[in-house]
Structure formats: structure tokens, C-alpha cells
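Structure, as C-alpha cells:
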Amino acid sequence: MSESESGPTTPDEISPDDRRKHLDFIQATITRMSAASTTTKSWMMPVVSATFGYALVQKVTSVAVLGIAAVLLFAYLDANYLRQEKRFRRLYKAVAEGSDEIAVFSLNPDDVRPLRDDKSNEEWAKWMPRWINRLMPGPAVWGSWSIGPFYVALITAGIVVAVRTG
């Protein structure tokens, strides 16, 4: 099979249809991350409502603390989904702009350099050990309107419940 029959081999030779298909693949991943974030919140609400409600009715502080731990766990999961979604959005943008650094049909968001204007994540990465950077979303994710205020309010409610039952 000749090179012309096998399709494009460099980013300059990518057909518009191939680029659209690549963007479709990336968009499907972004959609899955967004759906997973929504599912995380929908699973968390009944768990947290049940633990906080039981703690208040039965006056059991340890159950309120368990509810706070559940909020922290779900917040971590949700923040990681948002972090991945942001990384894939950056990949989407690079592919849409025709970046030469992205391999054809790559779904690896590490192929894209971090944004230069996101200073908070750069500062975070400088002083945190590498293994923590892999596990923990940066300040830009934790400060997002869908993570920070949402989970801080639930943790605050949990602390109030724990104090009232104590």
C-alpha cells in the first residue's frame, strides 16, 4: 500500500474529515468526564443527606464525621473529573487549531503544553512533589464554581451537624 493510499501521515496532511473525527473522539471523552462529574454529585447527595440526617436525629457525632469524609471523597473524585475534562478541552482546542505537536488521532492530553496564563497551577506544581501533582487537582480546579463553593457548603453543613450532635 503506498503512502497516498494509507492516508495522511503528518499534521499538514490531515484531511478535514479526519480532523473532525479526531475532534469527535475528544468531545466524546469530554462528555464522559462531564457525565461522570454529574453522576458523582447525584450519588453523593443521598449519601450525605442520609448521614447528616441520621447524625442529627440520633445525636451521633461519628456519623456526621463519616458524612464529612464522604463529602471529601466525592469532592476529590469530582475535582479529578473536572481536571481531566479541562485537560481534554485543551487537547480539543489544540487539535481544532491544527497544532503540529499533536499526533494524528491522539487522545493523550499530555501532548499539549500547559496554558501559559494559568499561573496558579504552575506555582502549585513547583512546590508540590511530583506524585502529589499526579494525584491532586490544582488550585484552578478546586476554585472552580462547580467544586469549591459546592463542596465547601456541604463540608460547612457537616461541621454544623457534628457540632450540634456533640
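We're numbering straight along the sequence, starting at 1.
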Are the side chains of [X] and [Y] in touch, meaning some heavy atoms are under 4.5 Å apart?
X	Y	result
Lys93	Arg89	no
Thr39	Trp43	yes
Gln27	Asp24	no
Leu91	Phe88	yes
Leu82	Ser144	yes
Asp18	His22	no
Ile68	Ile159	yes
Val112	Arg87	no

Between [atom1] on residue [X] and [atom2] on residue [Y], distance to nearest 0.5 Å:
X	Y	atom1	atom2	value
Tyr76	Trp142	OH	CH2	8.0 Å
Met44	Leu72	CE	CG	11.0 Å
Glu97	Tyr92	CD	OH	11.5 Å

Legend entry - Common cluster, Tyr151/Phe52, ILVMFWY with side-chain heavy-atom separation under 4.5 Å: yes
Legend entry - Same apolar cluster (I L V M F W Y, side chains within < 4.5 Å links), Leu66/Phe74: no
Inset, instruction - Answer yes if the side chains of Ser37 and Asp78 hold a donor-acceptor pair under 3.5 Å, and no otherwise. - result: yes
Inset, instruction - For Arg164, check salt bridge (Lys or Arg N to Asp or Glu O under 4.0 Å) against everything at least two apart and list the hits. - result: none
Legend entry - Thr165 (side chain) donor-acceptor with Val161 (main chain) under 3.5 angstrom: yes
Inset, instruction - Please answer whether the main-chain N or O of Ile30 pairs with a side-chain N or O of Ser34 as donor and acceptor at a distance below 3.5 Å. - result: no
Legend entry - Within 6.0 angstrom of Phe150 CZ, more than 12 heavy atoms from elsewhere: yes
Inset, instruction - Please say whether the positively charged group of Lys21, taken as NZ for Lys or CZ for Arg, lies over the ring of Phe105, i.e. under 6.0 angstrom from the six-membered ring centre and within 45 degrees of the axis. - result: no
